[in-house]
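Being a predicted model, the structure only gives us computed values, none of them experimental. Chain A is the first sequence line, chain B the second, and so forth, proteins listed ahead of strands; every chain is numbered from 1.
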Number of protein chains: 2
Amino acid sequence: MPEKSSRSSRRERTPLSRERVLRCALAVADREGIGALTIRSLARALETKPMSLYHYVANKDEILDGIVDLVFSEIDLPSAGGDWRPGMHRRAQSARRVLRCHSWAIGLLESRTTPGPATLQHHDATLGTLRAAGFSVQMTAHAYALLDSYIYGFALQEAALPFKGPGTVAEVTEPIVQLFSAGDYPHLREMASEHVLQPGYDFGNEFEFGLDLILDGLAASISDRGGALPPPASRPG
Amino acid sequence: MPEKSSRSSRRERTPLSRERVLRCALAVADREGIGALTIRSLARALETKPMSLYHYVANKDEILDGIVDLVFSEIDLPSAGGDWRPGMHRRAQSARRVLRCHSWAIGLLESRTTPGPATLQHHDATLGTLRAAGFSVQMTAHAYALLDSYIYGFALQEAALPFKGPGTVAEVTEPIVQLFSAGDYPHLREMASEHVLQPGYDFGNEFEFGLDLILDGLAASISDRGGALPPPASRPG
DNA sequence: CCATATTTCGTACAGTGTACGAATGCGTAC
DNA sequence: GTACGCATTCGTACACTGTACGAAATATGG
């Protein structure tokens with residue numbers, strides 16, 4: 001028996017909007033994985049019907065573009081005036097943290113070629129920090145490609161790990177190593193027994209080492225020649 | 001009118017096998033993209049019917065695992081006896097080249113948590129080269145995480161670029177920059193006009209810079225302390 | 001020949017994105 | 001009021017996905 005008054009037929013759910021669709025899509029992806037984010041599941045989460053979403057979004061691809069941009073908007077921007085090194089350090093750590101929270105975003109990056117405003121803003125601010133610090137345009141391009149490659153690649157590896165926290169390493173690693181036949185993969189075995197399976201191991205700790213090494217290298221590159229183009233070292237021989 | 005003799009009813013197509021299924025899947029993904037790789041399209045390419053594939057493969061996920069492992073098998077292994085630096089350099093360049101050929105593989109890595117034999121072999125050989133060069137276990141872990149993060153991240157960025165070759169940069173970049181409203185993204189504009197749109201620009205060239213910087217840093221790290229654990233630099237202040 | 005195992009594949013089902021067009025509600029002008 | 005026009009909601013339908021189930025065809029061994 002449907003109520004007839006117009007007042008009650010629009011139930012008191014908050015009205016739909018593009019914003020709300022995207023935020024809810026992000027929440028669903030976080031909660032149940034990107035594979036569980038379907039038009040129908042999203043509509044259910046919003047208490048609507050599937051086809052209603054298409055008034056705010058052209059297609060599913062636009063939703064994916066949108067939530068990737070939302071993820072980017074969570075990353076700390078380097079402050080405009082500060083030194084480049086702590087700025088880049090903070091940004092890198094923040095990006096890694098954000099990408100670990102939304103690990104499905106990494107896999108999406110490969111197929112998304114239309115960056116959103118938050119993504120563009122993020123890139124612009126980062127480039128600006130480097131340029132303001134005296135990096136040449138060339139050197140800025142080098143530094144940016146290097147830093148972002150490292151950040152994304154690290155996040156990708158972290159996402160692909162079969163274990164999530166430091167606690168569950170053994171339960172996952174042990175049975176895999178057991179499967180290796182007698183003499184196979186000796187160095188993987190060593191790495192497992194002498195490093196990964198040691199108490200307190202956490203892959204995430206590796207991030208800092210590489211990040212500092214890269215920032216050191218960049219610092220050296222610009223102090224050498226004021227940010228000019230040549231590669232960081234020409235090895236003799 | 002079906003032929004009745006058993007001889008002619010089995011047409012002279014080469015017999016199915018797990019190997020053939022995976023190799024064909026790889027070819028389809030390369031030719032038409034990973035999105036076009038479906039059980040039905042794969043069966044068509046193999047001149048069979050969809051359900052026949054399931055005798056050689058448990059499900060589609062196993063196919064994806066399989067072709068990722070095939071991709072890994074294409075990457076040059078560092079030779080066992082050689083110096084670590086040229087070995088790592090060659091491996092990195094080879095990995096990048098392979099991942100550029102099969103750019104869909106990057107996006108797959110995030111969701112694949114069961115590495116195949118070629119993948120394990122690859123990791124083992126790389127670890128072995130570093131250990132043989134005198135890297136400590138800790139330092140090997142650091143170096144490996146760093147190098148692979150850079151390689152995967154670079155490949156991911158390369159895959160996400162809207163343009164493929166050096167030729168098409170302008171056609172893609174120009175209209176995007178045109179869309180920016182008046183004062184927005186000044187540093188992106190600068191990077192576009194003064195670097196990306198310059199003749200001869202190729203993002204792929206950035207790879208070498210970062211790779212050399214990382215290898216320099218690693219070389220310094222092990223010569224400092226014989227591959228001991230501490231980070232590459234402790235900055236004063 | 002038959003019996004058994006391996007391999008092929010036809011049919012069916014639940015789930016996907018979304019095109020199309022019909023309903024419904026809402027704001028304004030008469 | 002009432003009628004129009006627009007924004008919004010959504011029902012139905014279609015082509016396509018992975019794959020469960022079981023039947024058919026073929027190969028193998030006695």
Side-chain angles (χ1 to χ4, degrees), chain A residues 1-22 24-26 28-29 32-68 104 107-108 111-112 114, chain B residues 1-22 24-26 28-29 32-68 104 107-108 111-112 114:
Chain A
M1 47 197 68
E3 359 232 347
K4 63 181 113 174
S5 117
S6 72
R7 176 100 39 116
S8 61
S9 92
R10 76 149 121 86
R11 332 267 170 72
E12 44 222 285
R13 50 184 174 180
T14 64
L16 239 44
S17 72
R18 186 187 165 92
E19 166 88 9
R20 213 165 88 81
V21 168
L22 294 180
C24 186
L26 179 70
V28 170
E32 318 180 33
I34 192 72
L37 175 64
T38 69
I39 296 289
R40 286 170 171 83
S41 74
L42 180 54
R44 227 175 295 126
L46 286 161
E47 297 181 90
T48 349
K49 300 299 150 76
M51 291 312 291
S52 301
L53 305 183
Y54 286 95
H55 219 256
Y56 303 94
V57 152
N59 48 43
K60 188 176 177 180
D61 252 40
E62 213 172 280
I63 296 180
L64 297 181
D65 282 339
I67 61 178
V68 166
W104 43 265
L108 245 46
S111 51
R112 246 104 283 290
T114 51
Chain B
M1 49 200 68
E3 1 233 343
K4 62 181 115 173
S5 115
S6 72
R7 174 104 37 121
S8 61
S9 93
R10 76 149 122 87
R11 332 268 170 69
E12 45 221 281
R13 49 183 176 184
T14 64
L16 239 43
S17 72
R18 186 185 165 92
E19 166 88 9
R20 213 165 88 80
V21 168
L22 294 181
C24 186
L26 178 71
V28 170
E32 319 181 32
I34 192 73
L37 175 63
T38 69
I39 296 290
R40 286 171 172 83
S41 74
L42 180 54
R44 227 175 296 127
L46 287 161
E47 296 181 89
T48 351
K49 301 299 149 77
M51 290 312 292
S52 300
L53 305 183
Y54 286 96
H55 218 258
Y56 303 94
V57 152
N59 48 43
K60 188 176 177 182
D61 251 43
E62 213 173 280
I63 296 180
L64 297 181
D65 282 340
I67 61 178
V68 166
W104 43 264
L108 246 47
S111 51
R112 246 105 281 290
T114 49

Residue set satisfying side-chain contact (heavy atoms from CB on, under 4.5 Å) with A:L26, at least two apart, ordered chain then number -> A:D30, A:I67, A:L70, A:V71, A:E74, A:H102, A:W104
Hits for side-chain contact (heavy atoms from CB on, under 4.5 Å) against B:R20, two or more places apart or cross-chain, chain-then-number order -> B:T14, B:L16, B:S17, B:L46
Check the distance between [N]'s [atom2] and [X]'s [atom1] and give it to me in whole angstrom.
X: B:L64; N: D:dT19; atom1: CG; atom2: C1'; result: 15 Å
X: A:K49; N: C:dG25; atom1: NZ; atom2: C1'; result: 16 Å
X: B:H55; N: D:dA20; atom1: NE2; atom2: C1'; result: 14 Å
X: A:L16; N: D:dC10; atom1: CG; atom2: C1'; result: 12 Å
X: A:L53; N: C:dA19; atom1: CG; atom2: P; result: 13 Å
X: B:L42; N: C:dC9; atom1: CG; atom2: P; result: 13 Å

* Is the number of heavy atoms from other residues, nucleotides or ligands under 6.0 Å of B:E47 CD greater than 12? -> no
Residue set satisfying side chain to side chain donor-acceptor pair (under 3.5 Å) with B:S52, at least two apart, ordered chain then number -> none
Give me the distances for all protein-to-nucleotides 15-18 of chain C N/O pairs that come in under 3.5 Å?
from   : atom 1 : to    : atom 2 : distance (Å)
C:dT16 : OP1    : A:T38 : OG1    : 3.4
C:dG17 : OP1    : A:I39 : N      : 3.3
C:dG17 : OP1    : A:K60 : NZ     : 2.9
C:dG17 : OP2    : A:I39 : N      : 2.9
C:dG17 : N7     : A:R40 : NH1    : 2.8
C:dG17 : O6     : A:R40 : NH2    : 3.2
C:dT18 : OP2    : A:Y54 : OH     : 2.9
C:dT18 : OP2    : A:K60 : N      : 2.9
C:dT18 : O4     : A:R40 : NH2    : 3.4

Quick note, side chain to side chain donor-acceptor pair (under 3.5 Å) partners involving residues 36-46 of chain B, not counting sequence neighbours, are B:T38-B:S41
Would you give me the side-chain donor-acceptor pairs under 3.5 Å for residues 53-61 of chain B, sequence neighbours excluded?
from  : atom 1 : to    : atom 2 : distance (Å)
B:N59 : OD1    : B:D61 : N      : 3.3
B:N59 : OD1    : B:E62 : N      : 3.1
B:K60 : NZ     : B:L37 : O      : 2.8

